[in-house]
Amino acid sequence: MDYFAQQLINGLVLGSIYGLIAIGYTMVYGIVGMINFAHGDIFMIGGFIAMISFLVLVSLGLTAIPLILLIVLLVSMVITALYGWTIERIAYRPLRHSFRLAPMLSAIGMSFVLTNFSQVSQGARVKPVPPIITGGYTLHEGSQGFAVQLSNIQIVVVLATIVLLAVFTWLVSRTRLGRDMRACEQDQTMAALLGVDVDRTISMTFVIGAALAAVAGMMYLLYYGLVDFFMGFVAGIKAFTAAVLGGIGSLPGAMLGGLAIGLIETFWSAYFSVEYKDVAAFSILIVVLIFMPTGLLGRPEVEKV
Amino acid sequence: MSSDHILTVDRLMMRFGGIVAVNELSFAAERRKITALIGPNGAGKTTVFNCITGFYRPSGGAIRLAHDDGRTIQLERLGDFRITKQAKVARTFQNIRLFPGMTALENLMVAQHNALMRASGLTFLGLIGAPSWRAAEQRAIELARTWLDRVGLLSRADDAAGNLAYGDQRRLEIARAMCTEPVLLCLDEPAAGLNARESGGLNELLLSIRNEQGTSILLIEHDMSVVMEISDHVVVMDYGVKIAEGTPQAVRDDPKVIAAYLGADEEEAIAVMESGT
């Protein structure tokens, strides 16, 4: 039981990170109908920027951890958002009215560009950082000497995810920008006719998605204590799987899918084998899609006449 | 007289490959009047609308919009969202194009994007909830509610637009177009699919928009009860050219118009008319 509780905590933390990345996939798919394959690498960029800004702040002599974390968070969100905006601008917008596969191919290319860019500029080695948030609580002392641990970093990751989700839900459902985004999602032509600048709204979608991925990147850095240039690939594929599992285009679905993938992966590693954890996650995806082709929360696409 | 024209279409040409959809069409719509564009199916009416609202770039000719303050805008040079933002032209479509997943109120709020965009200082003031932004948002909600009330949908404000009855959706579309505060409202078959009672209500709505808001209206319509009852001026098209224009009465009695609608030639139509009277 203790072992189960511990894996549950670990799975929820991992799932939160996947969920934050998955939102970026699902938002972009909702509004422009393309899979942004470079999104995983945006997450990686976010992690790198968090690491660099952390090291810069420390070398400047800053010691107050909460202040450092806040600055690192803001810096990585802003700069990564800038990456997201630029990528949309140079790689996707010129192809918007091209054939359907063109932006997707461009996205795959962009993914390679970002991966190689970080490899060349930051080096190919794994970059470790010292643990920044330490300590934690022992929730339950088991009989065989096994204790259920909840570390502070896990609390930070889950809390940050909950807060971001709340802000993001408010943004989409209650603000002008959110209304514009939903309008563009349903009928871009009509939205433009009502005076909505569709291009700008799409840009904002990429900016928000990238900012959320940056938070995920920073959480990953804090949680695992390392970044490397290739981490965006697997994390991106997992988050994409999460978005599809939850029902692509659905925001709560992305979060739910993220949690599901995180939990499946953790429990599989804990009870069966670590080597096959990815196989487990993707097998579940296949099974779910056979029985629920639109994902857990996706709405079936109604054929327009 | 020409200063009173809000919209002047001057020798408009629209070719698709070898097909000439609109051929040297010229007509004008008067300010604060309702102008109807009629004609048999395939006459090119919707193509004219698409040129006016920036969907098509005309192959030739000019479309001028004269604002109240004397500014003249060449509509054929604008496109996309600028038609609403700068020219203040709104349109509806033959098929309903509401945002079905959003509520009726939200549909009208999207239409006030431009007013809200200014007030939100390009989003940032809105994110921090500045008082000026809140006031603007409140005004937008008020305007939306006023229009919902006028089209009789105030009680359905929070229902998804896609769940409204067909006739309600038609009226909501007009309300949404009016929320962009246009000077020219282009309606593509607003009465299509409405029953007699509903199209009577539509007539009243359009007349009240003309009389109270002073908005000029250009409409395509097949329902002659609507055209004859509310139009101030009727332009008849067939095969991409204008075949007649004038008051509803004059157009109705024009043998060329009858011929176009019946698919007969002119002499036959005159014969039919004479035998009928």
Side-chain angles (χ1 to χ4, degrees), chain A residues 30-31 74 77-78 81 85 93 96-97 164 166-208 211 247 249-253 297-305, chain B residues 49-50 53-55 79-93 95-103 105-127 129 133 136-137 140 144 160-162 173 176-182 186:
Chain A
I31 201 160
L74 290 179
M77 279 175 88
V78 168
W85 182 84
R93 190 179 296 184
R96 182 133 348 119
H97 301 290
L164 273 172
V167 170
F168 183 70
T169 310
W170 168 79
L171 188 81
V172 169
S173 63
R174 289 270 177 277
T175 64
R176 194 215 78 240
L177 179 65
R179 269 198 309 267
D180 291 351
M181 278 161 56
R182 282 179 291 149
C184 289
E185 199 178 314
Q186 293 175 37
D187 191 339
Q188 285 189 14
T189 313
M190 198 62 230
L193 262 182
L194 293 171
V196 177
D197 186 340
V198 175
D199 281 340
R200 176 152 57 197
T201 309
I202 291 174
S203 283
M204 285 308 288
T205 309
F206 276 85
V207 162
I208 294 170
S250 153
L251 296 172
L297 297 182
R299 267 163 298 173
E301 193 144 319
V302 181
E303 200 63 35
K304 272 187 201 141
V305 215
Chain B
F49 258 43
N50 284 342
T53 49
F55 275 80
D80 210 29
F81 65 96
R82 289 180 192 84
I83 289 280
T84 313
K85 194 175 178 182
Q86 291 165 17
K88 297 200 161 293
V89 175
R91 89 171 272 191
T92 65
F93 288 85
N95 48 340
I96 291 175
R97 288 183 77 165
L98 290 165
F99 304 117
M102 298 168 81
T103 67
L105 185 73
E106 282 178 328
N107 265 278
L108 303 195
M109 294 292 284
V110 171
Q112 298 180 67
H113 169 90
N114 282 321
L116 288 171
M117 195 70 187
R118 275 192 300 278
S120 73
L122 304 175
T123 308
F124 294 108
L125 286 176
L127 285 179
W133 156 255
E137 177 102 343
E173 260 202 320
R176 183 177 65 176
M178 286 309 294
C179 277
T180 64
E181 309 204 295
C186 301

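Residue numbering restarts at 1 for every chain, and letters A, B, ... go by the order of the sequence lines.
Of all the heavy atoms in B:H113 and A:D180, the pair that sits closest is ND1-OD2, 2.5 Å. Contact record, A:R179 with B:M109: NE-CB, 3.3 Å, taken as the closest heavy-atom pair.
Two residues are said to be in side-chain contact when any heavy atoms from C-beta on lie closer than 4.5 Å; B:E137 and A:R174 fail this criterion.
With rounding to the nearest 0.5 Å, the separation of CE in B:M102 from CD in A:E185 is 9.5 Å. Put simply, OG1 on A:T189 and CZ on B:F55 are 5.5 Å apart, with the number rounded to the nearest 0.5 Å. Atom CG of A:D187 is separated from atom CD1 of B:I96 by 12.5 Å, given to the nearest 0.5 angstrom. Of the inter-residue distances, the one linking A:R182 atom CZ with B:E106 atom CD reads 4.0 Å to the nearest 0.5 angstrom.
In this structure B:F99 satisfies the ring-ring contact (aromatic ring centres under 6.0 Å, His included) test with no other residue, sequence neighbours excluded.
When heavy atoms are compared at a cutoff of 4.5 Å, A:T201 does not approach chain B at all.
With respect to chain A, the highest number of heavy-atom pairs below 4.5 Å among B:A140, B:A177, B:P100, B:P182 belongs to B:P100.
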